[in-house]
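No experiment lies behind these values; they were computed from the predicted model shown.
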Amino acid sequence: MEELEHTCPHPRTTLTEPAIFAREASCDCRAPHEKLTIAQARRGTPVDRPVRVYADGIFDLFHSGHARALMQAKNLFPNTYLIVGVCSDELTHKYKGFTVMTEVERYEALRHCRYVDEVLRDAPWTLTPEFLEKHKIDFVAHDDIPYSSAGSEDVYKHIKEAGMFVPTQRTEGISTSDIITRIVRDYDVYARRNLQRGYTAKELNVSYINEKKYRLQNQVDRMKEKVRNVEEKSKHFVYRVEEKSHDLIQKWEEKSREFIGNFLELFGPDGTWKQVFQERSGRMLSYALSPRESPCNSPPRELSPLRSPSPPSPPSPLARWHNARPPISPPSSPKGATASISSMSEGDEDEK
């Protein structure tokens, strides 16, 4: 892997490239490297003299807990250059145990963390004064819990005694061991998941019987999922039918109220139909009691020229009596008609 050369290491100002790898030779800082106290580092240092902070670890299955620890280390001082040491597979398998990620994968994971300025590969398990001097390390950052390993109760004890140790805080609820515990606890779930995604039983180190069992369980799960989908679709269909039925009933009620209102408006006690009927009844009664006269401007009948008009016959006594009576005007109401008939009767009796 190609190494990125550097002449004057100081904090990165951009995040367009990954962090550099530390050189095998000693640090070639051009600025004079005098020993700093924590108070001096917190007050700030010149731009060309950053405080070189070292943080080491395994960083297997790189997670947010690792990133937060490195963020704290990066922000310990105003002008910090963070160097991260990553132990090799050989040292890790010897002192701690087998890792999930290879050392190359772990190196690359650290290079792409925004807080890291430099990655030191194959970092030592125990920090020696020679190593600290070689890389011009001012302070070492790690959580304050004693780290017993390699026959020592705390591998950072001599760093603490030298006044070069700066503690960081662990993130509760997340660690590499916790992640591995979840995978081991739900091993069957992840094995079935990867079988379903195309991995072979050999790649997963799964026996023939377990492979068939997992595949059968996957088929059962797919059937259950189909049944759940059908149930959901059925519920959705029933809900839509109920919604449509509610709309239809509501529209039917509105139309019914409209029909009843129109019916009452026409045929109710004060409806339009009653008024029309009364008007028509009055007209019919008026026509019955006072029929229309024939039009007075009708043309007279012409006599035939062959026939001469006969002499007028003398009027009968009844006609003479009728012509002598005054004309009777048509009554304006049924009561008026009755009064006229009564007067006519009385007049007849007087004549008799």
By side-chain hydrogen bond (donor to acceptor under 3.5 Å, both in side chains) - contacts of Thr168 (at least two apart): none
Heavy-atom distance under 4.5 Å between the side chains of Ile58 and Val86, does that happen here? no
Does some side-chain heavy atom of Arg182 sit less than 4.5 Å from a side-chain heavy atom of Arg185? yes
List, by chain and then residue number, the residues other than Ile183 in its hydrophobic cluster (Ile/Leu/Val/Met/Phe/Trp/Tyr, side-chain heavy atoms under 4.5 Å); write none if there are no others. Leu61, Val100, Met101, Ile174, Ile179, Ile180, Val184, Tyr190
Salt bridge (charged side-chain N to carboxylate O under 4.0 Å, His left out) contacts touching residues 162-180 (sequence neighbours left out): Asp143-Arg170
Minimum heavy-atom separation for Tyr214 and Leu195, please, with both atom names. CB-CD1, 3.6 Å
Non-neighbouring partners of Glu103 that pass salt bridge (charged side-chain N to carboxylate O under 4.0 Å, His left out), sequence neighbours left out: none
Between Phe62 and Arg106, is any pair of side-chain heavy atoms under 4.5 Å apart? no
Heavy-atom side-chain contact between Gln219 and Leu216 under 4.5 Å: yes
Is it the case that Arg121 places NZ or CZ above or below the six-membered ring of Phe21, under 6.0 angstrom from the centre and within 45 degrees of the axis? yes
Those residues at least two apart in sequence (or on a different chain) that pass ring-ring contact (aromatic ring centres under 6.0 Å, His included) with Tyr107 are none
Can you tell me if His66 uses its side chain to pair, donor with acceptor, with the backbone of His63 under 3.5 Å? yes
Check whether any side-chain heavy atom of Asp56 lies under 4.5 Å from a side-chain heavy atom of Tyr156, and answer yes or no. yes
Working note: Phe139 + Val51, criterion side-chain contact (heavy atoms from CB on, under 4.5 Å); need CA distance, chi angles, decisive distance, verdict. CA-CA 8 Å; Phe139 300 100; Val51 180; 3.7 Å; yes
CE of Met223 to CG of Asn218: how many Å apart, nearest 0.5 Å? 14.0 Å
Does the side chain of Val116 come within less than 4.5 Å of Arg111's, by heavy atoms? no
At what distance, to the nearest 0.5 angstrom, does CZ of Arg240 lie from NE2 of His236? 5.0 Å
Closest non-hydrogen atoms of Leu204 and Ala191, given as atom of the first, atom of the second and distance, are CD1-O, 3.6 Å
Nearest 0.5 Å, what's the NZ-CD distance between Lys35 and Glu133? 9.5 Å
Passes side-chain contact (heavy atoms from CB on, under 4.5 Å), Lys94 versus Trp125? Steps please. CA-CA 10 Å; Lys94 178 180 178 180; Trp125 199 261; over 6 Å; no
Donor-acceptor contact present, side-chain Asn210 to main-chain Val206, <3.5 Å: no
Under 3.5 Å donor-acceptor, Thr176 side chain and Asp60 backbone: yes
Could you check Lys96 against Leu91 for side-chain contact (heavy atoms from CB on, under 4.5 Å), going step by step and ending with a plain yes or no? CA-CA 8 Å; Lys96 190 170 184 178; Leu91 278 178; over 6 Å; no
Arg43 meets the side-chain hydrogen bond (donor to acceptor under 3.5 Å, both in side chains) criterion, sequence neighbours left out, with none
Would you confirm whether Gln40, through its side chain, and Thr37, through its main-chain N or O, come within 3.5 Å as a donor-acceptor pair? yes
Run the ring-ring contact (aromatic ring centres under 6.0 Å, His included) test against Phe131 and tell me which residues pass, sequence neighbours left out. Tyr54, His135
With side-chain contact (heavy atoms from CB on, under 4.5 Å) as the test, pick out the partner of Cys113 among Val119, Leu82, Leu70, Val84. Leu70
Partner set under salt bridge (charged side-chain N to carboxylate O under 4.0 Å, His left out) for Arg42, not counting sequence neighbours: none
Flag the pair Glu253 / Ile249 as yes when at least one side-chain heavy-atom distance between them is below 4.5 Å, and no otherwise. yes
Heavy-atom side-chain contact between Val53 and Phe77 under 4.5 Å: yes
Glu225: which residues meet the side-chain hydrogen bond (donor to acceptor under 3.5 Å, both in side chains) condition with it, sequence neighbours left out? Arg228
Checking Glu211 against Arg215 for the salt bridge (charged side-chain N to carboxylate O under 4.0 Å, His left out) test, could you report, in this order, the C-alpha distance in whole Å, the side-chain angles of both residues, the deciding distance, and whether it holds? CA-CA 6 Å; Glu211 178 190 5; Arg215 294 192 183 279; 3.2 Å; yes
According to salt bridge (charged side-chain N to carboxylate O under 4.0 Å, His left out), who are the partners of Asp138, at least two apart in sequence or on a separate chain? Arg49
Just how far is it from atom CD of Gln217 to atom NZ of Lys213, taken to the nearest 0.5 Å? 5.5 Å
Donor-acceptor pair, Thr45 side chain versus Ala41 backbone, under 3.5 Å? no
Tell me which donor-acceptor pairs under 3.5 Å the side chains of residues 158-165 have, and how far apart each pair is, sequence neighbours excluded?
{"from": "His158", "atom 1": "NE2", "to": "Leu127", "atom 2": "O", "distance (Å)": "2.6"}
{"from": "Lys160", "atom 1": "NZ", "to": "Asp144", "atom 2": "OD1", "distance (Å)": "3.4"}
{"from": "Lys160", "atom 1": "NZ", "to": "Asp154", "atom 2": "OD2", "distance (Å)": "2.9"}

To the nearest 0.5 Å, what is the distance between NZ (Lys74) and OG1 (Thr80)? 6.5 Å
Measuring from atom CH2 of Trp252 to atom CG of Asp247, what distance do you get when rounded to the nearest 0.5 angstrom? 15.5 Å
Among all residues two or more places apart in sequence or in another chain, which pass the side-chain contact (heavy atoms from CB on, under 4.5 Å) test with Ala69? none
Taking all non-hydrogen atoms of both residues into account, name the closest pair between Pro124 and Cys87 and its distance. O-SG, 4.2 Å
Using atom types as modelled and distance alone, determine if a side-chain donor or acceptor of Lys136 lies under 3.5 Å from a backbone N or O of Arg52. no
For Pro50 and Val47, which heavy atoms make the closest approach, and how far apart are they? CD-O, 3.7 Å
Asn194 vs Glu203, test: side-chain contact (heavy atoms from CB on, under 4.5 Å). Steps then yes/no. CA-CA 10 Å; Asn194 283 5; Glu203 291 174 326; over 6 Å; no
Looking only at atom types and distance, does a side-chain atom of Ser234 sit under 3.5 Å from a main-chain N or O of Val230, one as donor and one as acceptor? yes
